[in-house]
Amino acid sequence: MKIGISVIMPVYNGEEFIQRSLPPLLDMQARGEILEVIVVDDGSTDDTRRIASQLGARVESSGGRVGPGGARNQAALMARGDVLWFVDAD
């Protein structure tokens, strides 16, 4: 039985970081090493959401500034994987 891994990345105004940190994770997803990459936008005012979506990540909203822990908790409820892998955008 293969274990599904969900990668969860909370981010706030991280457009400069996610352009470097997301592609390797999305490559892992394309190779079948992880099930999904969920970016939780925590109320960003920059282009974080658009960039993450264009790169191919599943983008969800935290619904406002709930902080990294709150964003992680929300994504944990949405994740489809058996294992949750929490990563920072930077």
Side-chain angles (χ1 to χ4, degrees):
M1 177 175 132
K2 185 172 180 177
I3 301 291
I5 300 171
S6 294
V7 175
I8 296 172
M9 179 187 288
V11 62
Y12 173 74
N13 287 348
E15 68 183 6
E16 78 178 75
F17 300 113
I18 62 170
Q19 293 180 51
R20 291 188 310 267
S21 59
L22 269 180
L25 295 169
L26 295 167
D27 288 346
M28 290 176 72
Q29 181 181 2
R31 291 190 302 265
E33 297 169 357
I34 58 178
L35 177 64
E36 62 186 341
V37 177
I38 305 172
V39 172
V40 185
D41 179 53
D42 197 28
S44 296
T45 57
D46 65 2
D47 282 334
T48 294
R49 188 176 185 87
R50 179 187 60 78
I51 293 168
S53 181
Q54 284 182 340
L55 288 170
R58 173 179 164 193
V59 181
E60 301 288 345
S61 175
S62 69
R65 295 283 293 138
V66 298
R72 286 183 192 103
N73 290 340
Q74 287 181 359
L77 297 173
M78 301 175 205
R80 297 178 301 151
D82 305 299
V83 173
L84 305 180
W85 178 14
F86 300 104
V87 299
D88 292 328
D90 58 356

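Hydrogens, waters and symmetry mates are skipped; everything else that's a heavy atom, side chains included, is used. As the structure is a prediction and not an experimental result, all values here were calculated from the model. Residues: numbered from 1 along the sequence shown.
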(request) Measure across Val11 and Ala89 and return the closest heavy-atom pair with its distance rounded to 0.1 Å. (result) CG2-CB, 3.6 Å
(request) Indicate if Val7 and Met28 have the same hydrophobic cluster label, given that clusters are the connected sets of ILVMFWY residues with side-chain heavy-atom separations under 4.5 angstrom. (result) yes
(message) Would you say Asp90 and Ser21 are linked by a side-chain donor-acceptor pair, where the criterion is simply a distance under 3.5 Å?
(response) no
(request) Identify the two heavy atoms, one from Glu36 and one from Gln29, that lie closest to each other, and give their separation to 0.1 Å. (result) CA-NE2, 3.8 Å
(request) List the atom of Val87, the atom of Pro10, and the distance in Å for their closest heavy-atom pair. (result) O-CD, 3.4 Å
(message) Working to the nearest 0.5 angstrom, can you tell me the gap between Glu16 CD and Thr48 OG1?
(response) 9.5 Å
(message) Measuring from atom CZ of Arg58 to atom OG of Ser53, what distance do you get when rounded to the nearest 0.5 angstrom?
(response) 12.5 Å
(message) According to a hydrophobic-cluster definition based on side-chain heavy atoms being under 4.5 Å apart (Ile, Leu, Val, Met, Phe, Trp, Tyr only), do Leu26 and Ile5 belong together?
(response) yes
(request) Output the distance between atom CD1 (Ile34) and atom OG (Ser6), rounded to the nearest 0.5 Å. (result) 8.5 Å
(message) Check for me, please, whether Phe86 and Ile3 land in the same ILVMFWY cluster - side-chain distances under 4.5 Å, paths through other members count.
(response) no
(message) Please check this pair: side chain of Glu60 against backbone of Val40, looking for a donor-acceptor N/O pair closer than 3.5 Å.
(response) no
(message) Between Trp85 and Leu22, is there shared hydrophobic-cluster membership here, with clusters defined by ILVMFWY side-chain heavy atoms closer than 4.5 Å?
(response) yes
(request) Identify the heavy atoms of Ala52 and Ile18 that sit nearest to each other, and give their distance. (result) N-CD1, 3.7 Å
(request) With rounding to the nearest 0.5 Å, note down the distance linking CD1 in Ile8 to CG in Leu84. (result) 4.5 Å
(request) Answer yes or no: is there an ion pair linking Asp42 with Arg72, defined by an N-O contact shorter than 4.0 Å? (result) no
(message) Using only atom types and a distance under 3.5 Å, with no angle test, would you say the side chain of Ser44 pairs donor to acceptor with the backbone of Asp46?
(response) no
(request) Decide side chain to side chain donor-acceptor pair (under 3.5 Å) for Thr45 and Asn13; before the verdict, give the C-alpha distance in whole Å, the side-chain angles of both, and the deciding distance to 0.1 Å. (result) CA-CA 6 Å; Thr45 57; Asn13 287 348; 3.3 Å; yes
(message) So, using salt bridge (Lys or Arg N to Asp or Glu O under 4.0 Å) as the criterion, who are the partners of Arg49 when residues are at least two apart?
(response) none
(message) Restricting to non-hydrogen atoms, name the atom on Val39 and the atom on Ala57 that form the minimum distance, rounded to 0.1 Å.
(response) CG2-CB, 3.7 Å
(message) Using only atom types and a distance under 3.5 Å, with no angle test, would you say the side chain of Gln19 pairs donor to acceptor with the backbone of Glu15?
(response) yes
(message) Looking at every heavy atom in both Leu25 and Met9, which two are closest together, and how far apart are they?
(response) CD1-CE, 3.8 Å
